[in-house]
Every structure is written in structure tokens, then in C-alpha cells.
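As C-alpha cells, the structure follows; a few thoughts come after it.
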Amino acid sequence: MNIVVIVSDTYRYDYIGANGNDWIKTPELDAFAEKAVCFDNYYVSSFPTIPTRTDWFTGTYGFPFYGWKPLDPSVPVMAALLAREGYVNQLIVDTPHMMKATAHFDRGFHGAMWIRGQEGDTPLTWMNDPIQHRTPEEKTRTRPKPFGNVLANVHAWQNHRGWESGEDRFVAKTCRAASKWVEHNHKAEKFFLWVDCFDVHEPWDPPEYLVEMYDDSGYDGPPMFHPNYGPASDYTPEELSNLRAHYAGEATLVSQHVGRLLRTLEDTGAMERTAVFFMADHGMYLGEHNRTGKSNISENDDRGSWPLYREVSHIPLIAYVPGAEGGRRVSQLVQPPDILPTVCELTGAAPPERVDGRSLLPLIRGEETEWQRKLAVSSAGKLSITDGSWSLILGRNGEISPELYDLAADPGESNNVAADYPAVVKNMRNGCAQFLRSLGADKERVKALYAQ
């Protein structure tokens, strides 16, 4: 069984048409969902970009023990496990954090291709041309400031020159490179392809026709294509509409180009013997909870570190396995550490000695009736815990009072009912503490940091 993993960074679960959004246009992903299995309760584990990828590559939960750091060279990883089974492994990526010299995310891959230029990565400078101030500083993220300017303007200066169409965008380049690789390798008996697209991650700069598709506010100011990582109230309603439209246009752009890669797999005949996973690492606030961004780095926001509400923690996972019935929805709680054991079961690779996740293959094939995971736990400092019916948010060392939300009555998590349901809070907190102990977190760490 060949394996293809396609990642879209920052892609929200609810910005895919197949997941119930009748506003967004993602026909390619919707068509893929019809032949695949959609997971309706896939939640972040370790947040954000690099911690999630570490959980994917190792099959373990990192957040109780460490945060953002390079991939440990001594820890078994997915690509290396498959290489031992005779797989030819290829990494194609425009996510820059994975490819820095000490990151080690290319370990186990026979080939690794980095498409340069995302989020401040600067393969070439253009010092004869001054950086244009396309986005006002008060409307965008202000840290870091390469070349003394905000990321949104540096990104446009670095990359927008010469762009003529959607084909020039990063997701197009990355998926086009992956499609070429499939053309040249589809006859291989065993291959593993990991395609890591930084889009939908900001800056959101799809072709303008895609922005216009979603913005009917009449806004005619500077483009709002990079959030402020702070209060949504910093934007006017028209600016916020334009910001959302840029994100939505980027989501449609990703669907277009992922769809072309999927079409190449089909046209070459590789799809008949290839398991394909489409997934994201986290989502993004687009005005919900008076937040725009995924974390707080704004000088205008005194709310401290942000909780992971579902706009960030609830993420898409669409899995295709030849022979499995397509068009099915899976409601069980699953998380990123489940990807490695799933790939191991599909390929016959021996899993590492320590694996925290569990293979999703029985769920994909419709064979699983009893699923052991009763809670999904996500961490960005604060913990977000869900059992599928309730959502509980806890802060470290009593930093915030518990927040409890009834997801059936309040899917937007706007009405904190913790005071009304203390028994639910207690049971979920105790379940979280038990889960953390099962991962090897010592008693004091659990008590001081998480169980409160």
C-alpha cells in the first residue's frame, strides 16, 4: 500500500463544503470526501505548527513534556520506519519551519524538496525596490519585523513580484511539484509521499477573483490579508469581512490545487493502491470570540494566552483507503498521534516501542464498534478538553476559571456553563489528569499544571 499525506496548514474544519459549509466553495475536496472517510471529531493535540508535526511523525503526545522544538534525532519517526520496509520516501514542502537546518523533519526521507519563500523565508532580496506598505501596521501582526517591516508587507515585497495567476501561488507550486513526482514514481511498488502546504496559513493572498467571490461588503481599502493576532474589534465590520474573504479565497485555492494532485494520482492509476490523507494542523480565529489569529501576540490584547476554542482545535481529516466504503462520516474522537500507527498498519511497518496513538484503520473500514478514547486533549498552554458533547477549557495553575460549553446547544462556545455543571467539570478534569498520567506525566506536573 502506497501512502500519500497532504497537509494544509491552518485549514479550519468548517471551511470545507463537505463538512457542512454551504458558503465556501471547495468542490475538489468535496469530491474527495465522497470517495473517502471524513472524521468529524479530529482535534489538535500539541499546538501549533511544529508540535503538531512532531506528534504526526512520532505517534506521541508532546505537549505534556515540551513545546516547539526540533524533531529529536533519537526518536523513531514515520519515514524512517517505512524506509526499513523498503519504501521510497519523498518530502515536498513549502512550510519553512520544517526545513531549517536543525529541524530534522527530513529524516528518513530519500528526497526532500523545499519550495522557498513562505512566512518571512527570504531566498532572495530585492533591495533596489523599497518595501511597499500594503497593509497598515495597526491592522496586522507586528512581530517579528524582518527588514523593519511587518510580515505581510515583507511577504508581498518578497513574493508578489511576477505573480500573474493562481498558478504562481505557493500551494500551486507545491502541489505541481508533487504531481510531477507522482508522474515519475507511480510505478513504484512502495512509496511514501508527504506534501506539506503552508497555505491556508497567512498571508492570505489568493488571486483577487477568489477574494471577490466571498466579499460583498463593498470594502475598497487596503487588503486585509494578514490577521493582527489580537482583538477582532481592531477591525471595522467591512475590514473584517475582507479579512475573512481572503482566508476563504485561500481555502478555495488550496482545494483547487490539492484536487489537481489527487487527479494525478487517479490518472496514473496510483490511487487504486494508495492510501491518501488530507489534514490540517490547526485552525484560525476570524472574528469569533473577538479574536483574529490563532494566538495572542498583540500589544492591544491583555487577555493573556488564548484558549483553543473549536475554530482552532477542531481540524479536518479526510482519509481514503482503497477498498473502504467512501462517503462515510466517523464520529469517534481522534488526534494527530493516531496517524503514525495507522500508516504502520497499512504498510506493515513495525511501530516504535512507544506509541500514544491508535490506528484509525478499523474506523476507516467501518469495523470498529468500541473506541477507547473518551477525551481529546489539546494544549497551547491552556488545555482544551472535549468528550464530543462537552468542551472544557482549563488554565495552568488556576490562571483562568474553568470554562465549560455544551456543544449541542452552544457549538460556538459562547456561554460558559461551568457553574451550572460542576460534576461535568470535575469528571472531565479527572479524566484529563488520568490521561496525562497514562502518558507518563508525573503526579506533580499533572497537579500543578493541568489538573488544578
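Below, each value reflects all heavy atoms present in this structure, side chains not excepted, and no hydrogens, waters or symmetry copies.
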Between Tyr87 and Phe191, does the ring centroid distance fall short of 6.0 Å?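 Ring centroids of Tyr87 and Phe191 are no less than 6.0 Å from each other.
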
With sequence neighbours left out, what residues match [X] under side chain to side chain contact (heavy atoms under 4.5 Å, CB included)?
{"X": "His289", "answer": "Tyr285, Arg291, Tyr309, Glu311, Glu413"}
{"X": "Ala418", "answer": "Leu404, Asn416, Val425"}
{"X": "Glu138", "answer": "Pro136"}
{"X": "Asn296", "answer": "Ser298, Asp301, Trp306"}

What pairs with [X] under salt bridge (Lys or Arg N to Asp or Glu O under 4.0 Å), at least two apart in sequence or on another chain?
{"X": "Arg141", "value": "Glu119"}
{"X": "Glu239", "value": "Lys139"}
{"X": "Lys145", "value": "Glu137"}
{"X": "Asp121", "value": "Arg116"}

Would a distance-only check, ignoring hydrogens and angles, find a side-chain to backbone donor-acceptor pair under 3.5 Å from [X] to [Y]?
{"X": "Ser295", "Y": "Ser305", "value": "no"}
{"X": "Thr10", "Y": "Val200", "value": "no"}
{"X": "Lys25", "Y": "Asp22", "value": "no"}
{"X": "Gln335", "Y": "Val44", "value": "yes"}
{"X": "Asn21", "Y": "Gly17", "value": "no"}
{"X": "Gln90", "Y": "Trp194", "value": "no"}

For residues Ile24 and Ala248, report the shortest heavy-atom separation together with the two atoms involved.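 Distance-wise, the nearest heavy atoms are CD1-CB, 3.6 Å.
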
Pairs where [range] contributes a residue and the test salt bridge (Lys or Arg N to Asp or Glu O under 4.0 Å) is met, not counting sequence neighbours:
{"range": "residues 149-165", "result": "Asp129-Arg161"}
{"range": "residues 249-266", "result": "Lys35-Glu266, Glu167-Arg260, Arg263-Asp267"}
{"range": "residues 278-290", "result": "Arg12-Glu288, Arg53-Asp281"}

Mind telling me whether Tyr320 and Phe32 have parallel, tilted or perpendicular rings, with 30° and 60° as the class edges?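 The rings of Phe32 and Tyr320 sit tilted, inter-plane angle from 30° to 60°.
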
Report the distance from atom CG of Asn153 to atom NE2 of His226, rounding to the nearest 0.5 Å.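 If we round to the nearest 0.5 Å, Asn153:CG and His226:NE2 are 10.0 Å apart.
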
Side-chain atoms of residues 205-213: list all donor-acceptor pairs with protein atoms under 3.5 Å, sequence neighbours left out, distances to 0.1 Å.
from, atom 1, to, atom 2, distance (Å)
Asp205, OD2, His155, NE2, 2.8
Asp205, OD2, His160, NE2, 2.8
Tyr209, OH, Gln256, NE2, 3.4

